[in-house]
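See below for the structure under consideration.
To find a chain, count down the sequence lines: A is the first, B the second, and so on, and within it residues start at 1. Being a predicted model, the structure only gives us computed values, none of them experimental.
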Protein chains: 2
Amino acid sequence: MPTPHYGQPRYRVIADQLRERIESGSIPPGSLLPTESALTSEFRASRGTVRQAIAVLREEGLVTTEHGRGTSTRPITLGHDSKQAAKSDNERFEIAADADIAKLFGVEIGTILIGQQQVHRRNGVVESVVRGYWLHRPGQ
Amino acid sequence: MPTPHYGQPRYRVIADQLRERIESGSIPPGSLLPTESALTSEFRASRGTVRQAIAVLREEGLVTTEHGRGTSTRPITLGHDSKQAAKSDNERFEIAADADIAKLFGVEIGTILIGQQQVHRRNGVVESVVRGYWLHRPGQ
DNA sequence: AGAAATTTGTCCGTATGTATC
DNA sequence: AGATACATACGGACAAATTTC
C-alpha cells in the first residue's frame, strides 16, 4: 500500500478522532485510552502512526502517558485563578486577553482565550515556564 | 543490532550534543543544522532517531524546521526596542516576576527574568502566542 | 519555465528494552 | 514469573516542499 495522505496525515486524523472522544466525554477524564495495539487494530494504522497521534494529544496536554501502564485522559481545569496552586506542571485554563494579546489576535481586550502553562524542571528545579494562548477552536 | 539504551536513550544524547553546539555558537543563530541524512551518518543512527532528537530541540524552542528546506537555529532577536519588537514575531525582553511566576521559580516577586514571546501565524493570521520565562544564566 | 536534486514529512513493519500489573 | 503495555531503534518506501540547475 502506498502512503496517501491527501489533506491531513493519518496521525492527525486519528488524533482528531481521539480528541473528539475525549472532549465529548466518550472517554471520561482520568480514564485510560485504548491501548496502542487496540488503536492499531481499530484504525488499521501502524503502531508508529498511532503513537504519533497520541503524541499530538500529549503535546496538547489532553493526555498523559505512563510507561508500562497506559495513556489516560486528563481533565481540563477551567476558570483558572492565578492564585490557584497548580497541581500539575502542565495545565490548561481559560483566561481573558490582555491588551498585548488582544491586539495580536485582533480581538477585544477581555476576550476569553485558551491558555496552557507548562513548567519545565531539571532535577526538580524549575528551569523555565512556558505559556501558550490561542482562540477557542481555530480551524485547526 | 540490539537496542541498548542504558541510561539515556540515543535520541537524547544526540539532542544534547546538538544543543551544545547551538549554545556554544558552533552553530550560529539563524543558520542551518546539518541535514537529517548528514546527522544520520555522523551519529550512525537511523533517520527516525535523528528526527526524534531534532524534535526535542524544536520543543525546547531552540530550532525551527521547514519542509523541504531544513532545520535552522532560531535567530535570537536580543531586541528590547518595541518598534523592532513589533515587527518581529519573536522577541526577547526582561520582565519582573509576578506572584505566580515568582512562586514557581522560588524567587521574590519583582525578580528580573528573561522573557521571550513567539507569535505563530498561519497564512498571516495569528494562531497562537507563546511566552517563555526563565532566570538569568541558569546552570547550563 | 521546467526538470532534477535535495531535504523534510509521513507511514509501514519489525525487533528489542523496560516498566507495570 | 508471566502477561501486558509503553519506549526506543532500525530500515525501507513514497509524498511534498524547497532549492538548484
Atom-pair distance ([atom1] on [X]; [atom2] on [N]), nearest Å:
{"X": "Glu36(B)", "N": "dG11(D)", "atom1": "CD", "atom2": "C1'", "result": "15 Å"}
{"X": "Arg47(B)", "N": "dT8(C)", "atom1": "CZ", "atom2": "P", "result": "7 Å"}
{"X": "Gln8(B)", "N": "dA9(D)", "atom1": "CD", "atom2": "C1'", "result": "16 Å"}
{"X": "Arg10(B)", "N": "dC10(D)", "atom1": "CZ", "atom2": "P", "result": "5 Å"}
{"X": "His67(B)", "N": "dA17(D)", "atom1": "NE2", "atom2": "P", "result": "6 Å"}
{"X": "Arg44(B)", "N": "dG11(D)", "atom1": "CZ", "atom2": "P", "result": "12 Å"}
{"X": "Gln52(B)", "N": "dA7(D)", "atom1": "CD", "atom2": "C1'", "result": "8 Å"}
{"X": "Ile14(A)", "N": "dT10(C)", "atom1": "CD1", "atom2": "P", "result": "13 Å"}

Does [N] have OP1 or OP2 sitting under 4.0 Å from an N or O in the side chain of [X]?
{"X": "Tyr11(A)", "N": "dC11(C)", "result": "no"}
{"X": "Thr49(B)", "N": "dC10(D)", "result": "yes"}
{"X": "Arg51(B)", "N": "dG9(C)", "result": "yes"}

Check: Do you see a donor-acceptor pair shorter than 3.5 Å between the side chains of Thr35(B) and Ser37(B)?
Finding: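 Distance-only check passes for Thr35(B) and Ser37(B).
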Notebook entry, point to check: Any chance the side chains of Thr64(A) and Arg58(A) put a donor and an acceptor closer than 3.5 Å?
Noted result: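 Short answer, no.
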Note to self: With a 4.5 Å cut-off on side-chain heavy atoms, are Leu135(A) and Ile114(A) touching?
What the structure shows: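 The answer is no; the side chains never approach within 4.5 Å.
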Note to self: If the threshold is 4.0 Å, N to carboxylate O, is there a salt bridge linking Arg131(A) and Asp100(B)?
What the structure shows: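 Salt bridge flag = yes for Asp100(B) with Arg131(A).
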Note to self: Looking at Glu60(B) and Arg12(B), is any side-chain nitrogen of the basic one under 4.0 Å from a carboxylate oxygen of the acidic one?
What the structure shows: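 Salt bridge absent between Arg12(B) and Glu60(B).
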Check: Nearest to the side chain of Thr65(A) - dC6(D), dC11(C), dC10(D)?
Finding: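 The answer is dC6(D).
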Margin query: Using a 4.0 Å heavy-atom cut-off, does Gly70(B) contact any base of the nucleic acid, only the sugar-phosphate backbone, or nothing at all?
Written below: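 Sugar-phosphate contact only.
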Check: Want to settle it: does Arg58(B) or Arg69(A) sit nearer the 5' end of DNA chain C, counting the closest nucleotide to each?
Finding: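 By nearest-heavy-atom nucleotide position, the 5'-most residue is Arg58(B).
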